[in-house]
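Below: one structure, written as structure tokens.
The chains referred to below are lettered A, B, ... by the order of the sequence lines, with proteins before strands, and numbering in each begins at 1. Every value quoted in this text rests on a predicted model; they were computed, and no experiment measured them. In what follows, every heavy atom counts, from backbone to side chain, and hydrogens, waters and symmetry copies are set aside.
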Amino acid sequence: MAERFLMKGNEALAEAAIMAGCRHYFGYPITPQTEIAAYMAKRMPKIGGTFLQAESEIAAINMVLGAASAGVRVLTSSSSPGISLKTEGLSYIAGSDLPCVIIDVQRGGPGLGGIQPSQADYWQATRALGHGDYFAIVYAPNSVQEMVNVVFDAFDNADTYRVPVMILSDGMLGQMMEPVSFPEREAKVLDKPWAACGHKNERKHNIINSLYLQPQELEKTVVDRFKRYEIIKEKLASAENYLTEDADIVVVAYGASSRIVKSAVNAARAKGIKAGMIRPITLWPFPVNAIADAAKTAKRFLCVEMSMGQMIDDVRLALNGAAPVDFFGRTGGIIPSPAEVLEQIEKLAE
Amino acid sequence: MTRNILLAGFGGQGILFAGKVMAYAGLIEEKEISWLPSYGPEMRGGTANCSVCISDDPIGSPLVLKPDILVAMNLPSYDKFINEAAPGATVVVDSTLVEKRTERTDINVFYVPATKLANENGLKGLANIICVGKLLKETGFASYDAVEAAIRKCVPAKKAAMVDFNLNALKLGMDN
Amino acid sequence: MSIVFERPHALLDVTTNYCPGCTHGIIHKLVAQVIDELGCEGTTVGVAPVGCSVMAYNFFGCDMVQAPHGRAPAVATGLKRALPENVIFTYQGDGDLAAIGTAETVHAATRGENITIIFVNNAIYGMTGGQMAPTSLPGQVTQTTPYGRDTSTAGYPVRVCEMLSTLSGTAYAERVAVDTIPNIRKAKAAIRKAFDTQIAKKGFSIVEVLSTCPTNWGLTPDEALQWLRDNMMPYYPLGVYKDTTKEEK
């Protein structure tokens with residue numbers, strides 16, 4: 001077995017990014033993600049990489065845009081209010097077909113909100129990561145180990161599909177330590193003939209750009225991008241099924257709240273209630289089929305989130321009326337307890 | 001078997017460090033573990049606490065709300081958590097800083113004057129590890145060797161001289 | 001027959017979107033001539049702003065990146081950190097650089113970011129149709145200062161070279177104009193010096209070019225040049241504001 005380290009989620013993300021070939025990090029301090037920046041500040045100078053503390057999240061995401069244009073693997077991280085500032089740059093990045101990875105360690109909102117763990121930015125991540133018709137791939141790991149795994153996928157898929165990829169974490173997953181081992185996985189090196197890195201008088205100049213003044217031209221670039229999205233949907237949608245085979249009640253939860261739900265599902269099983277869980281690992285593309293398949297046998301669905309209910313929209317769309325969906329959530333930085341979730345499951349089982 | 005551990009006290013008492021030592025001991029014994037700290041402004045002088053789970057099975061919720069092992073190193077933590085301890089829980093209270101005694105009879109409470117013991121034995125600042133020593137003796141949450149190895153792993157290289165002090169504190173806790 | 005003048009190689013043979021009489025064309029040519037002289041077109045990456053020169057990516061022959069409004073210095077920073085041996089320049093107007101992008105500009109300078117900024121100051125927002133710029137002069141009539149820029153409500157123009165020259169990271173800052181042949185020659189020398197400063201890895205360099213906007217100023221090209229001399233030059237004196245490359249000699 002590979003050596004297991006005890007690491008914080010934030011630190012594991014940073015180390016995995018380095019292992020995945022990322023040598024450029026641009027960030028700005030904000031709780032509860034600052035360990036990522038601190039880790040990069042320590043490591044990058046020792047491996048010939050770039051750590052730069054920008055003057056703002058806006059500057060940081062635009063430095064990402066610049067480095068991604070040059071063709072290198074690049075990372076930034078922030079937490080909810082900081083992500084709002086990055087959305088401008090993210091829209092340009094998507095519109096310019098640039099690959100990059102963004103980590104959002106969510107905290108309570110709106111506004112300055114709080115600094116405790118939250119999942120109130122699901123809509124932002126999956127629907128509103130900036131203006132315009134576009135998506136980012138969104139991974140939602142639920143353990144320190146899975147964070148490491150998705151970082152590799154995030155960089156590889158960003159490069160393959162030329163899209164921004166977000167890793168949606170939260171204060172709990174970022175701050176907690178768990179054992180983690182790093183995979184023996186080589187960083188994928190993709191040729192980037194489109195990069196603006198100097199044409200060396202060997203080719204026509206490359207242009208990284210999101211401006212198309214002719215609507216027909218802009219429509220074509222957007223439609224072409226959506227064709228790639230269809231491939232992404234088909235190939236990357238991913239979910240974990242936990243005890244769903246014979247489940248009457250299926251709880252849907254991602255990230256931190258899925259950890260709580262797992263405990264609650266186990267407790268429900270101990271009481272003889274046939275409960276199970278579907279945990280989306282990708283939030284965009286949303287694992288529609290996993291939900292729809294579960295509806296063939298399950299009688300009821302319960303969506304549990306650390307928000308007032310955002311992913312539930314996608315659960316309803318996936319079910320398309322096939323089964324009723326209830327919701328339970330805590331917000332503002334409160335992590336629901338397994339007992340609270342169990343109570344909801346028991347109510348549905350009555 | 002799963003042990004749900006909650007350590008609580010003032011920022012600066014080494015609560016998070018004590019939790020890390022316990023978690024590392026679990027790691028060394030190849031258990032599933034999680035370590036979840038409170039974070040934010042309260043870390044700088046207010047109350048700090050951390051949840052540690054050590055289990056044979058994958059860990060669901062890493063947040064410990066009903067601990068079966070509790071360390072309370074100051075009065076606010078004692079007041080907040082003593083009635084949250086699960087029936088049958090093992091509780092270590094730093095009785096130098098907490099004068100109260102619980103009326104609960106369904107839990108095993110050990111009142112250890114950890115801060116006083118630390119000060120009297122030249123181990124200032126290591127009341128946390130004295131509490132870990134006491135827990136080790138009363139619960140056997142890990143083997144002694146694993147805890148010793150965990151201490152060696154958790155004390156930063158820059159403070160290597162602190163390893164022996166930590167080990168002395170651990171033994172002191174086990175003897176009290 | 002010998003060729004005495006030709007379009008620089010680094011300036012592509014395409015039609016620009018600039019208005020007749022606009023001085024952007026001259027400044028583009030000067031930048032391209034300097035790139036040709038240095039033989040660095042193949043290793044140069046330019047960053048286009050938002051504003052009239054947004055489509056500069058179509059005009060320069062080197063690789064180009066189009067940045068969000070005001071963020072060109074941050075984009076250039078990312079490029080430079082990834083490509084430390086390449087020449088990275090931004091081409092920005094006054095609204096882009098001195099209003100929405102002030103933070104990015106100031107911090108790129110104070111970091112001593114080894115990039116070159118070509119700053120085109122024509123005291124107005126051109127592309128959006130002539131609104132007040134951070135460099136519009138007191139009393140200047142624009143679409144959003146129809147009674148003239150009132151400093152009691154709209155404040156004072158920003159003197160960029162003066163401001164940036166106070167920062168330790170700025171290696172070279174010069175203000176030039178493109179209103180006369182001698183000034184155009186000086187402008188080219190300044191742009192060359194800025195690129196040289198970057199190639200020598202001396203730090204942040206900026207050339208502020210006083211420029212005209214006949215369309216939005218409501219003047220003929222000739223009148224516009226005279227307006228620049230009469231109104232802009234007194235407020236924005238030409239000259240070298242900082243040159244640490246000399247100090248080191």
Please classify the contact between [X] and chain C as side chain, backbone, both or neither, with a heavy-atom cut-off of under 4.5 Å.
X: A:Arg23; result: neither
X: A:Val72; result: side chain
X: A:Ala195; result: backbone
X: A:His24; result: side chain
X: A:Ile61; result: neither

Review point. Is the side chain of A:His205 donor-acceptor paired with the backbone N or O of C:Phe60 at a distance under 3.5 Å, no angle test?
Key: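 Between the backbone of C:Phe60 and the side chain of A:His205 there is a qualifying donor-acceptor contact (under 3.5 Å).
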Check your understanding: Run the side chain to side chain contact (heavy atoms under 4.5 Å, CB included) check on C:Thr110 and A:Glu55 step by step: do they pass?
Key -> CA-CA 11 Å; C:Thr110 202; A:Glu55 60 271 26; over 6 Å; no
Check your understanding: Roughly how far apart are A:Leu65 CG and C:Arg71 CZ, rounded to 0.5 Å?
Key ->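 CZ of C:Arg71 is found 11.5 Å from CG of A:Leu65.
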Practice item. Would you give the length of the straight line joining atom NE2 of C:His69 to atom CG of A:Asn62, rounded to the nearest 0.5 angstrom? Key: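 Atom-to-atom, C:His69:NE2 and A:Asn62:CG are 12.5 Å apart.
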Exercise for review: Please step through salt bridge (charged side-chain N to carboxylate O under 4.0 Å, His left out) for the pair A:Arg203 and C:Asp63, ending with a clear verdict.
Suggested key: CA-CA 10 Å; A:Arg203 56 165 167 76; C:Asp63 279 0; 2.8 Å; yes
Exercise for review: Taking all heavy atoms of A:Ser210 and all of C:Gln66, pick out the closest pair and write down the distance.
Suggested key: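 It is OG-OE1, 4.1 Å.
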Point to revise | Heavy-atom check, side chain of C:Arg81 versus side chain of A:Val74, under 4.5 Å | key: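 They are not in side-chain contact.
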Point to revise | chain A contact via C:Ala67 - side chain, backbone, both or neither, heavy atoms under 4.5 Å | key: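 The backbone, not the side chain.
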